[in-house]
There are 2 protein chains.
Amino acid sequence: MGTIDLQITRQNASLRILVEDKLRQAISSGRFKPGQRLVERELCELIGVGRTSVREALRQLEAEGLITSYPHRGPVVSTISYEEARQLYSVRALLESFAGQEFAENGSNEEIVALLETVEAFEAAAKSGSGTRIIEAKTAFYDCLMTGSKNVFVKQMLTSLHNRVTLLRMTSMTQPGRLQNSVFEIREIAAAIALRDGDRAAALCKRHIEIAAKVALDYLSKNPVETSE
Amino acid sequence: MGTIDLQITRQNASLRILVEDKLRQAISSGRFKPGQRLVERELCELIGVGRTSVREALRQLEAEGLITSYPHRGPVVSTISYEEARQLYSVRALLESFAGQEFAENGSNEEIVALLETVEAFEAAAKSGSGTRIIEAKTAFYDCLMTGSKNVFVKQMLTSLHNRVTLLRMTSMTQPGRLQNSVFEIREIAAAIALRDGDRAAALCKRHIEIAAKVALDYLSKNPVETSE
DNA sequence: TTTTTGCTGTTTGCAGACAATCGGGTTGTC
DNA sequence: GACAACCCGATTGTCTGCAAACAGCAAAAA
């Protein structure tokens, strides 16, 4: 009897949240390209909600850095320069290595088991070759990693950074051979965590991101991000 | 005395931003205590703006973590538990030591000069004993430190963390003798940066925050944060 | 050609309205 | 008196119309 209301509480996600997710998804998927203007009225009829919900959702995305608002010209999807990308990967390396270390030193055994499972799922997804499955699996891995770090602030910040990486419209994994290396690196990270070797886990995380950064930045310097107009 | 028209014509800051700042300030200053409910209508007539502006400002503050919204009950000034405070100081140590290291290794000479000036201002403020001057000077120091780190993401994140620290309603500097030590530590940090000794700067920053964390957490475990009702 | 002027699309902000929902008090029953 | 069901006021969530301000642009004027 008491379990039925779960479905009901599910639906109490306010409209604003739904709009947020829709927009986030639209940006991540590339439907909205960096630089593109987001006209309020268009979004309203596109999503089918009133201005209030749209505007509040936009404020949220702006706070996350996914969009940038110019006074009296409205929001545009954020662009990210080469230099900013470099800085982004730099902090990401710092925070993820911290998360890895904390996980190794403070994570519960259950969390380690869960982490290993996400690694296996990631390997399977990589073999399958399905892009969406790979992204899902990688997201699950990071989610697990951040949760195990037992630091809500780190989790928040890393989530925000991950979202912004998608603005680059290129995961380092689209590079040939990169995916295989990525699988290997992640397996190593999980192994170090399972062995409770915090320093090694941190070093591996750092290295993992640094490699991804190098690939992404190299690509970026050759193929500038395609912006809308 | 022809300055009057400046105030009116210069509304380049949108109303929403002004409301944000007002609320942020009200929370930081303790006018709104953690746990206190923020009723929309009250805020509207208190600040003298419409609901639109208030609501959008609230969304922004929510994204920053300064307030927490419960569905159909509205926003509440965030409370921060002992465990969260510990996590907060933990990330702060990580990010600030990173900032210190980057500053030492990549900061310009002009920025170093500016940093040293903020240190002197801080010392002067400490001697004066004026609470507001001390806070201002410390803010200026951190602002300089973050800018010199040449990483907008770090700056953003640290600013957010600093804002949230004020929710604890207690700067570690209210403890006897702590202010003097703080002055000394900051002088050491700046000195290390001026000498371009990145590792030492990082270590000193880390230590500085860890001490502040210890003081704050000890205080917190004895005097729980006073919340409104 | 250059500057001024005015138009248009858009954001920004306000006010009012309505439904949904929550919390608390009241009522009714046992 | 205790307890459940119920109702009501307060508040949020959402929509819509309206007015003002502004940016960009094109046409008009110098």
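Just so we're clear, the structure is a prediction, and the values are computed from it rather than from any experiment. A, B, ... follow the sequence lines: proteins, then strands. Residue 1 opens every chain.
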Just N and O in the side chain of B/Ser53: are any of them under 4.0 Å from OP1 or OP2 of C/dC14?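 So the side chain of B/Ser53 is within the cut-off, an N or O lying under 4.0 Å from OP1 or OP2 of C/dC14.
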Given C/dT11, is OP1 or OP2 found less than 4.0 Å from the side-chain N or O atoms of A/Ser69?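 So the side-chain polar atoms of A/Ser69 never come under 4.0 Å of the phosphate oxygens OP1 or OP2 of C/dT11.
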Closer than 3.5 angstrom, by distance alone: can the side chain of B/Ser28 be matched with the main-chain N or O of B/Thr166 as a donor-acceptor pair?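 Looks like no, no N/O pair under 3.5 Å.
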Please check: side-chain N/O of A/Ser90 versus main-chain N/O of A/Arg86, any donor-acceptor pairing under 3.5 Å?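 It does not hold such a pair.
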With a 4.5 Å limit on heavy-atom distance, are the side chains of A/Leu15 and A/Thr52 in contact?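 The answer is no, as the side chains (C-beta and beyond) never meet within the 4.5 Å cut-off.
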Positions of residues 56-68 of chain A (non-hydrogen atom under 4.0 Å from DNA chain C), listed by number: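 Output list: empty, so none.
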Who pairs with [X] by side-chain contact (heavy atoms from CB on, under 4.5 Å), at least two apart in sequence or on another chain?
{"X": "B/Ala63", "result": "A/Gln60, A/Ala63"}
{"X": "B/Ala213", "result": "B/Tyr89"}
{"X": "B/Gln87", "result": "A/Asn151, A/Val152, A/Phe153, B/Glu83"}

How many Å lie between [atom1] on [X] and [atom2] on [N], as a whole number?
{"X": "B/Glu45", "N": "C/dG16", "atom1": "CD", "atom2": "P", "answer": "13 Å"}
{"X": "A/Leu18", "N": "D/dG13", "atom1": "CG", "atom2": "P", "answer": "13 Å"}
{"X": "A/Ile47", "N": "D/dT14", "atom1": "CD1", "atom2": "C1'", "answer": "14 Å"}

Roughly how far apart are B/Gln156 CD and B/Glu64 CD, rounded to 0.5 Å?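 Output value for this atom pair is 9.5 Å.
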My understanding is that only residues two or more places apart in sequence, or in another chain, count here; which of them pass ring-ring contact (aromatic ring centres under 6.0 Å, His included) with A/His162?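 Result, ring-ring contact (aromatic ring centres under 6.0 Å, His included) vs A/His162: A/Tyr142.
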Do nucleotides 7-12 of chain D as a string where each nucleotide becomes B, S or -: B if the base has a protein heavy atom under 4.0 Å, S if just the sugar-phosphate does, - if no protein is that close. ----SS
